[in-house]
Amino acid sequence: MKRILITGGAGFVGSNLALRLRAEWPACAVVALDNFYRKGSELNVGRLEKGGVTVQTGDVREAGSFGREPYDLVIDAAAEPSVLAGASGDVRYVLDTNLGGTLNLLEAARGWNARVLFISTSRIYPLAALRAIPLVETETRFEIAANPGMPGLSAHGIAEEFPVGGARTLYGATKFASEIMAQEYAAQWGLKVLINRCGVLAGPWQMGRVDQGVTALWVAAHHYGRPLSYIGYGGKQVRDVLHIDDFADLVIRQIRRDAFWDGRIYNVGGGREISFSLRELTRCVSNIVGRQIPLGEDPQIRASDVPFYLTDRRRVMADFEWRPGRNLETLIGDTAKWMRDHETLLRPVFGG
Ligand SMILES: NC(=O)c1ccc[n+]([C@@H]2O[C@H](COP(=O)([O-])OP(=O)(O)OC[C@H]3O[C@@H](n4cnc5c(N)ncnc54)[C@H](O)[C@@H]3O)[C@@H](O)[C@H]2O)c1
């Protein structure tokens with residue numbers, strides 16, 4: 001590998017991957033392409049350049065933005081990642097970036113015969129099917145009822161066989177459509193494609209906001225002493241989470257195993273072992289940050305909300321002999337330290 005392109009390379013996932021890949025393959029040129037749509041992505045430029053990554057301003061919606069010089073590997077991490085995107089009726093940006101941008105990148109990769117890593121999302125699973133998971137309520141969280149009797153669902157969580165028919169938000173739909181196209185390119189032209197369907201990814205350098213990046217948002221609210229609310233489900237909604245450094249470890253293993261790049265899809269996440277409900281997250285964050293904040297409750301469930309998602313990560317763990325090593329406390333501790341260490345830099349983003 002001589003050249004790697006990461007679109008959305010100044011974003012949370014893109015910047016962390018860019019720096020890790022550059023450190024892993026120092027002889028390889030790593031280019032981070034971004035249009036700085038996400039507030040706070042500009043703050044990653046300094047650390048990217050310091051780490052030897054070339055930052056290029058460009059927009060994936062324009063087919064010519066990737067340049068002519070070929071790449072060996074492209075990683076699609078550019079997106080409008082909000083589940084609320086387009087809900088107000090203004091749909092162009094999310095469609096053109098999440099689907100159009102991926103199509104542009106697939107076409108470029110076909111021309112270069114580059115490998116393609118597509119960062120997809122658990123949000124491709126339809127809302128109605130996720131809401132139909134039978135749940136029981138414990139003191140702090142929802143839990144899957146015994147013998148749920150749905151395909152792709154077990155006590156481990158949601159596996160790749162979970163049903164995919166049904167509406168899923170514009171964000172989820174654009175990512176699902178991109179998955180289908182990436183697989184099509186693999187089948188038609190033998191393009192080497194791998195798809196990671198990720199649950200919540202988190203850690204330092206995530207510019208969390210209400211609609212995306214919940215753990216960073218939670219840490220910021222505690223750090224700056226601002227109120228928060230549980231929206232719907234009384235704070236008992238459950239997600240698993242994966243530290244971005246564990247995700248980077250996985251990607252490095254995946255890059256080394258060329259034979260698996262045939263359009264395969266993997267559910268990727270921290271799984272049951274690294275999961276939280278919002279109530280449990282509050283307890284963990286307030287312990288680590290050392291502050292309690294007022295927590296309100298808004299009972300209204302939004303169209304895109306789901307009460308439960310846990311990744312069944314057994315397939316990705318087996319195929320790549322990978323296992324996440326960082327638990328929730330480490331993840332929150334790392335995020336809190338990052339926020340303390342960069343308080344002045346981050347104040348404009350988190351609005352302290
Ligand atoms: N963070 C998560 O929990 C998570 C979970 C599952 C999947 N993902 C996927 O990972 C990818 C990266 O997400 P993230 O969390 O880093 O979000 P992010 O918002 O931090 O990063 C996305 C980056 O893409 C850039 N971008 C947006 N539109 C662009 C355009 N038209 N042209 C060029 N750049 C553009 C943004 O400026 C930003 O820097 C996304 O594809 C998302 O779907 C993220």
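Side-chain atoms are counted along with the backbone in the values below, which use heavy atoms only and exclude waters and symmetry mates. Indexing begins at 1, ligand by ligand and atom by atom, following the structure's order.
- For Phe320 and Tyr266, the ring centers sit closer than 6.0 Å to each other.
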Return all side-chain donor-acceptor pairs below 3.5 angstrom for residues 180-187, not counting sequence neighbours, or 'none' if the list is empty.
unit_1 : atom_1 : unit_2 : atom_2 : d
Gln183 : NE2    : Gly263 : O      : 2.9
Glu184 : OE2    : Gln188 : NE2    : 3.2
Tyr185 : OH     : Glu107 : OE2    : 2.7

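- Partners of Asp249 under the side chain to side chain contact (heavy atoms under 4.5 Å, CB included) rule, at least two apart in sequence or in another chain, are Arg20, Asp246, Trp322, Arg326.
- Judged as a ring-ring contact (aromatic ring centres under 6.0 Å, His included), and not counting sequence neighbours, the contacts of Tyr71 are Trp112.
- His243 pairs in a side-chain hydrogen bond (donor to acceptor under 3.5 Å, both in side chains) with only one of the listed residues (Thr335, Thr215, Asp334, Asn16), which is Asp334.
- No side-chain N or O of Trp205 forms a donor-acceptor pair with one of Ser15 less than 3.5 Å apart.
- Within 4.0 Å of ligand 1, protein heavy atoms belong to Gly8, Ala10, Gly11, Phe12, Val13, Asp34, Asn35, Phe36, Tyr37, Arg38, Ser41, Gly58, Asp59, Val60, Arg61, Ala77, Ala78, Ala79, Pro81, Tyr93, Thr97, Ile119, Ser120, Thr121, Tyr171, Lys175, Cys198, Gly199, Val200, Leu201, Gln206, Gln212, listed by chain and number.
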